[in-house]
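Scope of the values below: all heavy atoms of this structure, side chains included, with no hydrogens, waters or symmetry mates. Along the sequence shown, residues carry numbers from 1. Every number for a ligand or one of its atoms is a count from 1 in the order of the listing.
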Amino acid sequence: MHDAVAQIRNFGIVAHINAGKTTLSERILFDCGRVRFLGEVDEGTAALDYLPEEQRRGISIRAASTSVAWRDYRLNLIDTPGHVDFSAEVARSLRVLDGTVLVLDGVRGVEPQTEAVWRQTRAAGLSSIVFVNKLDRPVANWARVLDTMRLRLRVQVLPVVVPIVGDTGLVGLIDVVTGARQEWESGGAPAFDLALARSQLVEAAADFDPAVMGDFVLDRTVDVPRLRAALRRGVVAGQLTLAFAGSALRNRGVEALLDGVGWFLPSPLDRSPVLGLSGGTRAARDDEPVCAQVFRSFVEDDVSLLAVRVYSGRIDTASVLARSDQTAEFTVREVSRLHADHREVIASAGPGDIVALAGAPEDVPVGATLFAPGHRIVLALTRFPLPVLSVALEPRQADDLAAVQAAAQKLTRADPTLALRSDEARGALLLCGIGELHLEIAAERIRAVVGDRFRVGLPEVACRESVRRAAAGHGEWRIAELAARASVHLRLVPAKDSGPASVQLDSRLRGNEVADRLAQQIAGRLRGSLREGWPAFDLEVHIDRMDGQVGPDVDVLPLYVEAAEVALRRALVEADPVVLQPMASVEVTCPHDALSPVLGDLRGKDVDILAIDVDGDHACVRGKVPLGKMLGYSTRLRSLTRGLGSFHLEAAGFAP
Ligand code: GDP
Ligand code: MG
């Protein structure tokens, strides 16, 4: 038997780093009987942080996914990485989920990455419930955390669980809907007025059920299942945010949260049908043609696997699937549920399931849609941030290059925010990514495959080039002894936010084979460098005219390429070329007494300071800065604040 779609919950756990996502996930695995001992992040034994790089650093890098049964529900949960360098992992996980649990640190409240993942959750159209964690710490302040949410996330959160707090911290919890109390120690007091909490809930729920509205107006007691159902409608509609509370570390409040996931977060049916960019819609039903999307591609025990979300139809061993990126079809060899570090083979997967498929070719990219042959549908892709930093990988011996390149290519296929370029001048490879930690870990993974066969350079920013004005240029190339001549007229036109430079042919040149090949050559050349060694962006090259004369046995293309090069250089002189460097928004938090050295240092880095907030002992500085100025900042900040400062960088476009 397979799970009824209405009982499936696909949710992600999202938070700022260190809020306790992994600890919470481990408790969930334990409570659902998935593991028999409790893994600890601090001891490097967390089942979900299974990559060696994660266990050593005590952080999660890859979005691990796992599937558990809880009461009547099938929970597919994804523990996402908190560090901003891995935000693409978060984005692509959100794409296949129906809801999130936002974990907040009960002491620190809303942090920079909390805001970022909250924005991502909303942008992906997902519903969210909140877990206020670490309430076992005596310094935790539950009410203040909810206030920071109202203030910084501008969301009205309603408690459905109220903590009972004693001198030692969290001693019990009260379920606001039923009034049930659970106490581990005596002597505590509820952190909020219960009657008030319940009437707030009823009032909010009234908007989603006229019967609840009637009871509310007449001051009658609302029946529990009815109240939950109305709240669920509000959460599914993205209009209510409910807050749970507890301590993941002490395993308190986790079961109530799991019940809440079942009661309040959407099932795949609530989000059905899915709409393709082309190919219409698919409802979450077994009898619709298969439609699934790949959200991760990885290798485990030498088997190459695709992690997919199934939107419609059933996939079993021997299903034949077509893919959106190529015409070839393939046969599924195995369907399995993912359990962080191992797979459980199952007979089939249906609508709403998140599973791994074996049998697909290795080159199926993340984001591809898989569908039943003859029922083509293409789902939208997640847009990923483009790499802004690079490090050189320098092979120690000339013959090490190929091995390093092969290992690096494998990584870039699985991670769309990594890119590989070759730097021929240095005889090195350039690995490009979105942050220092991102690149450091990528280099470690390559080293794990090929050993110490390369050196890693210091991180450098990846700039871009563009032009500020439209300009035309003409170029000619002759070879006298062959009596050959080629001439090209082209124009450079700035095109804001259009991405990598593109080449367009005049309508009279379309369908001309030589012109097509020339356009491809120029496009390739622009991906390498416009003028100063950086790829060209936000720019269109229009080829307006080509003419020439060549003998019968001469290949004309190289002549046109040379002529186009001359034309391009001439046009560039007029077009006001500019090098653009990546910018970042930065947020630095430090103890109040370290504020002036921190500020002094930031001013020295050309940071455009936008705000300084002082809250008790802590100060927070926000600003905008060229990313290149912030390389190595973690070490710098540590010494300026005796290790007490923290910072958050987020890519913020490009500027001259
Ligand atoms: P993540 O980065 O969000 O995955 O956070 P982790 O689960 O790795 O936890 C970060 C740190 O917070 C670890 O040292 C945990 O032991 C600690 N931690 C997590 N949950 C709690 C909690 O409920 N109470 C306390 N006191 N510490 C916690
Ligand atoms: Mg973690």
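- For T168, the side chain to side chain donor-acceptor pair (under 3.5 Å) partners two or more places apart in sequence, or in a different chain, are E185.
- The atoms of ligand 1 that sit less than 4.0 Å from any heavy atom of G20 are 1 (P), 3 (O), 5 (O), 6 (P), 7 (O), 9 (O), 19 (C).
- Polar contact check, L135 against ligand 1: no nitrogen or oxygen pair lies under 3.5 Å apart.
- Residues passing the side chain to side chain donor-acceptor pair (under 3.5 Å) test with D593: none are found, sequence neighbours excluded.
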Stepwise side-chain contact (heavy atoms from CB on, under 4.5 Å) check, L257 with L24: CA-CA 10 Å; L257 175 68; L24 177 63; 3.9 Å; yes
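- At least one donor-acceptor pair under 3.5 Å links the side chain of D270 to the backbone N or O of S267.
- Below 3.5 Å of separation, one finds an N or O of L249 facing an N or O of ligand 1.
- Contact between A248 and ligand 1 is present, with at least one heavy atom of the residue lying under 4.0 Å from the ligand.
- The closest heavy-atom contact to atom 25 (C) of ligand 1, among the options V14, D136, N18, N133, comes from D136.
- Considering each of K134, R137, R250, R252, the one bringing a non-hydrogen atom nearest atom 17 (C) of ligand 1 is K134.
- For the pair L135/W142, a side-chain contact is recorded, criterion being any heavy-atom separation below 4.5 Å from C-beta on.
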